[in-house]
Amino acid sequence: MEQRKHWWNGRWGRVARKDVYLRTSGDQWYVEQRAGGADGVSHFFEYDSEDAAFDMVRALLTGTDEWRELSVRPRER
């Protein structure tokens with residue numbers, strides 16, 4: 001599975017931090033919504049197209065948080 005994008009709401013701490021990840025594997029696209037940092041609770045969504053996955057990402061990034069896109073490390077070969 002390859003991580004394509006990562007967004008963070010810019011807040012620190014288990015209670016306030018939220019992350020959204022966009023990943024792909026073959027023809028499938030996955031969105032993970034995580035609350036509470038690395039040890040937090042995640043919800044996963046699976047899509048057959050990149051467009052559908054991005055629609056979910058856009059919906060998750062709405063609201064009052066100041067979302068930031070974080071860099072994704074290049075894949076090692």
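Heavy atoms only: backbone and side chains are in, while hydrogens, waters and symmetry mates are out.
- In this structure, R23 pairs ionically with E32, as a charged nitrogen and a carboxylate oxygen lie closer than 4.0 Å.
- The shortest distance between side-chain heavy atoms of W8 and K18 does not fall below 4.5 Å.
- At a threshold of 4.0 Å, the pair R68-E66 does not count as salt-bridged, since none of the basic side-chain nitrogens sits closer than that to a carboxylate oxygen.
- The line from CG of L60 to NE2 of H43 is 10.5 Å long, rounded to the nearest 0.5 Å.
- Put simply, NZ on K5 and CG on L22 are 8.0 Å apart, with the number rounded to the nearest 0.5 Å.
- For the pair E50 and T24, the minimum side-chain heavy-atom distance is 4.5 Å or more.
- Taking the side chain as every heavy atom from C-beta outward, W7 and L61 approach each other to under 4.5 Å.
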Open item on the list: Checking D39 against R14 for the side chain to side chain contact (heavy atoms under 4.5 Å, CB included) test, could you report, in this order, the C-alpha distance in whole Å, the side-chain angles of both residues, the deciding distance, and whether it holds?
Closed with: CA-CA 8 Å; D39 295 326; R14 286 185 50 131; 4.1 Å; yes
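- Side-chain atoms of Y47 and Q28, non-hydrogen and from C-beta on, never get closer than 4.5 Å to each other.
- Separation of atoms CD (Q33) and CZ (F45) is listed at 5.5 Å; rounding is to 0.5 Å.
- Side-chain N or O atoms of N9 include none that pairs as donor or acceptor with a backbone N or O of D65 at under 3.5 Å.
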Task: Verdict with supporting geometry, W12 and R17, side chain to side chain contact (heavy atoms under 4.5 Å, CB included) - done: CA-CA 5 Å; W12 296 98; R17 184 180 177 120; 4.1 Å; yes
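- Nearest heavy-atom pair, A53 versus W29, reported as atom, atom and distance to 0.1 Å: CB-CB, 3.7 Å.
- Taken from CE in M1 to OG in S25, the straight-line distance is 5.0 Å, to the nearest 0.5 Å.
- Taking 4.5 Å as the limit, some side-chain heavy atom of W67 sits within range of a side-chain heavy atom of V20.
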